[in-house]
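Reviewing the structure listed below.
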Amino acid sequence: MNDFIPSGIQLSYLLAASLFILGLKKLSSPVTARQGNVIAAVGMLIAIAATLLERQVVSYELILVGIIIGSILGTIMAQKVAMTAMPQMVGLLNGFGGAASALVAVGEFWRYRSLSESPTPGATIVITLGVLIGGITFTGSLIAFAKLQEILPGAPITFPLQQPFNACLALALLGGSAYLITNPENVSVFLAIVALASILGVMFVLPIGGGDMPVVISLLNSYSGLAASVTGFILMNNMLIIAGALVGASGIILTQIMCKAMNRSLTNVLFGAFGSGSGAAGSGGSSAKINKTVRTIDPEEAAMMLGYARSVVIVPGYGMAVAQAQHTVRELADQLERLGVDVKYAIHPVAGRMPGHMNVLLAEANVPYPQLYDMEDINPLFEETDVALVIGANDVVNPAARHDKNSPIYGMPILEVDKAKHTIVIKRGMNTGFAGIENELFYKDRTMMLFGNAKEAVAKLVAEVKQL
């Protein structure tokens with residue numbers, strides 16, 4: 001019987017890990033994502049139940065208190081946080097994961113001190129890694145949250161000699177970590193490592209602009225997974241090691257996908273201060289030579305153009321998210337389909353503030369999955385599209401990315417809405433996007449601007465289309 005419980009726990013961990021992998025597989029498609037989430041949740045429930053049977057559990061009462069508090073906070077967040085604020089919430093959750101891992105590492109260091117024991121070099125290494133990765137993830141995620149919530153400016157925050165300063169921080173961390181391995185009783189060095197890791201997390205995210213937040217969110221998610229995996233080594237828990245490794249690996253893969261979607265390297269994202277305004281319109285390149293004539297359109301004309309079209313492609317962007325216009329957009333699509341119009345949605349991988357942001361918002365509005373098209377699938381169809389309706393998107397539809405070598409977004413794959421027969425852009429004004437450059441699309445002969453709040457403008461379109 002004594003041998004059965006440990007074996008049963010490990011078998012439960014194996015089952016949970018299998019469910020995690022299956023859940024991740026199903027999360028790769030919008031059609032099966034909900035099912036994948038449930039499967040992964042069941043796996044986590046099994047993992048938690050098995051862990052609670054471990055003999056190392058100190059106090060079930062204390063764990064129960066934590067479960068109650070966490071459940072209450074989670075329920076409140078789920079009810080109160082709008083879908084448009086989901087990137088901020090994901091950023092915070094990444095930070096909480098990093099903080100938990102760092103606290104476990106700190107607790108393990110103090111446990112050795114309370115026992116008047118010196119940790120082995122191997123134990124010191126994993127403790128140090130837990131503090132490093134967890135601390136960087138925590139403070140970096142807080143800065144990402146502050147940028148997304150507009151507590152801090154979304155533009156890159158830089159200062160002279162910033163990169164050399166960061167390099168010195170990193171070298172100090174490496175040196176302190178090496179010293180701690182040979183002198184694990186030195187509390188001052190350990191606390192210095194904790195402080196330096198926290199500072200480096202802040203300095204890591206500050207110079208990254210809001211336009212690169214999808215990459216940052218996925219990268220910090222990967223870091224939180226790696227921190228959890230390190231915690232598994234500290235606690236000697238196989239399930240935590242596996243789960244953390246899965247999160248870390250999937251986060252890195254997603255980060256690479258985001259970078260590929262912007263045609264930029266990860267180092268350029270992290271150290272390029274993209275969106276700092278160096279490529280602003282008028283600074284050179286073709287964007288300074290384009291015709292500046294803007295053609296406007298009113299809701300009645302736009303509704304007629306949409307209602308009598310054969311095909312319409314809707315391109316959602318962050319402006320739609322800010323205005324919370326996804327339900328109104330769905331209503332417009334329904335009215336157009338009532339008139340026999342073929343409606344599709346074009347999704348750019350980095351539209352919004354986190355990976356899949358537009359997919360999440362449109363799913364909330366119950367937009368049918370078959371109507372969602374990835375960039376690679378929809379771009380060949382734009383030449384046959386009667387009207388492309390751009391709602392709050394900017395840099396991801398800027399034709400300068402194809403030809404203007406002086407543009408900071410040159411080479412970035414875009415949604416080629418300018419190839420449609422007509423393009424209607426709903427936007428508050430002529431402000432630039434996060435890249436800090438004017439959008440050539442707005443001045444094209446076949447582009448018409450419908451100025452106003454996305455939700456209000458689309459609502460007017462719905463009212464006008466109903467009259468057709």
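Fair warning: this is a prediction, and the values are worked out from it, not measured in the lab. Numbering starts at 1 and runs along the sequence shown.
The side-chain heavy atoms of Phe165 and Met203, taken from C-beta on, include a pair separated by under 4.5 Å. Under the 4.5 Å side-chain criterion, counting only non-hydrogen atoms from C-beta, Thr139 is not in contact with Ile143. Residues Pro156 and Ile208 form no side-chain contact, since every pair of their non-hydrogen atoms from C-beta on lies 4.5 Å or further apart. With a 4.5 Å cut-off on side-chain heavy atoms, Tyr318 and His357 count as touching. Side-chain contact between Leu219 and Tyr223 is present, with heavy atoms from C-beta onward closer than 4.5 Å. In this structure, Asn394 and Lys427 have side chains that are in contact, with non-hydrogen atoms separated by less than 4.5 Å. Within the 4.5 Å cutoff, no side-chain heavy atoms of Val417 are placed close to those of Val313. Residues Asp395 and Val350 are not in side-chain contact: their nearest non-hydrogen atoms beyond the backbone lie 4.5 Å or more apart.
For Phe442, the CZ atom counts as densely surrounded, since its 6.0 Å shell holds more than 12 non-hydrogen atoms of other residues, nucleotides or ligands. Atom NZ of Lys344 sits in a crowded spot, with more than 12 heavy atoms from other residues, nucleotides or ligands closer than 6.0 Å. Within a 6.0 Å radius of CZ in Arg34, no more than 12 heavy atoms belonging to other residues, nucleotides or ligands are found.
Salt-bridge check for Asp418 with Arg402: passed, with a basic side-chain N closer than 4.0 Å to an acidic carboxylate O.
Atom OH of Tyr410 is separated from atom CG of Asp404 by 9.0 Å, given to the nearest 0.5 angstrom. Rounded to the nearest 0.5 angstrom, Leu332 CG and Leu389 CG are separated by 6.5 Å. Distance check, rounded to the nearest 0.5 Å: OH of Tyr373 to CD1 of Ile347 gives 12.0 Å. Between Met44 atom CE and Phe20 atom CZ the span is 3.5 Å, to the nearest 0.5 Å. To the nearest 0.5 Å, atom OG of residue Ser118 and atom CZ of residue Arg113 are 9.5 Å apart. If you take OG1 on Thr75 and NZ on Lys80, they are separated by 12.0 Å, rounding to the nearest 0.5 Å.
Gly251 and Asn221 get closest at one heavy-atom pair: CA-OD1, 4.2 Å. The two residues Ile414 and Val396 come nearest to each other via the heavy atoms CB-O, 3.2 Å. Nearest heavy atoms, Arg330 versus Tyr345: CA-OH, 4.0 Å. Taking each heavy atom of Pro184 and Pro119 in turn, the nearest pair found is CB-CG, 3.7 Å. Across all non-hydrogen atoms, the minimal contact from Ala454 to Ile426 is CA-CG2, 4.0 Å. Heavy atoms only, all atoms of each residue included: Val329 and Met320 are closest at CG2-SD, 4.0 Å.
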Apply the test side chain to side chain contact (heavy atoms under 4.5 Å, CB included) to residues Asp374 and Asp377: give CA-CA distance (whole Å), side-chain angles for both, the deciding distance (0.1 Å), then the verdict.
-> CA-CA 5 Å; Asp374 292 332; Asp377 298 324; 4.0 Å; yes

Check the pair Ile67 / Ile63 against side chain to side chain contact (heavy atoms under 4.5 Å, CB included), numbers first and verdict last.
-> CA-CA 6 Å; Ile67 291 175; Ile63 290 174; 3.9 Å; yes

Walk me through it: do Ile252 and Leu254 pass the test side chain to side chain contact (heavy atoms under 4.5 Å, CB included)?
-> CA-CA 5 Å; Ile252 286 293; Leu254 185 57; over 6 Å; no

Given Asn94 and Phe138, is the side chain to side chain contact (heavy atoms under 4.5 Å, CB included) satisfied, shown in steps?
-> CA-CA 7 Å; Asn94 287 339; Phe138 175 57; over 6 Å; no

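Proximity of a side-chain donor or acceptor of Thr120 to a complementary backbone N or O of Ala123 within less than 3.5 Å is detected. The backbone N or O of Gly244 sits nowhere less than 3.5 Å from a side-chain atom of Ser229 that would complete a donor-acceptor pair. Within the 3.5 Å criterion, the main-chain N or O of Val397 finds no donor-acceptor partner in the side chain of His348. When atom types are taken as modelled, the side chain of Thr124 and the backbone of Ile181 share no donor-acceptor pair closer than 3.5 angstrom.
Checking Ser101 against Thr231 by side-chain atom types alone, a donor-acceptor pair falls below 3.5 Å. Looking only at atom types and distance, the side chain of Glu440 has no donor-acceptor partner in the side chain of Asn398 under 3.5 Å away. A donor atom on one side chain and an acceptor atom on the other are not found under 3.5 Å apart for Ser224 and Thr137. For the residue pair Asn237/Tyr13, the side-chain donor-acceptor check at 3.5 Å is satisfied.
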With a cut-off of 3.5 Å and sequence neighbours excluded, list every side-chain donor-acceptor pair involving residues 190-197.
none

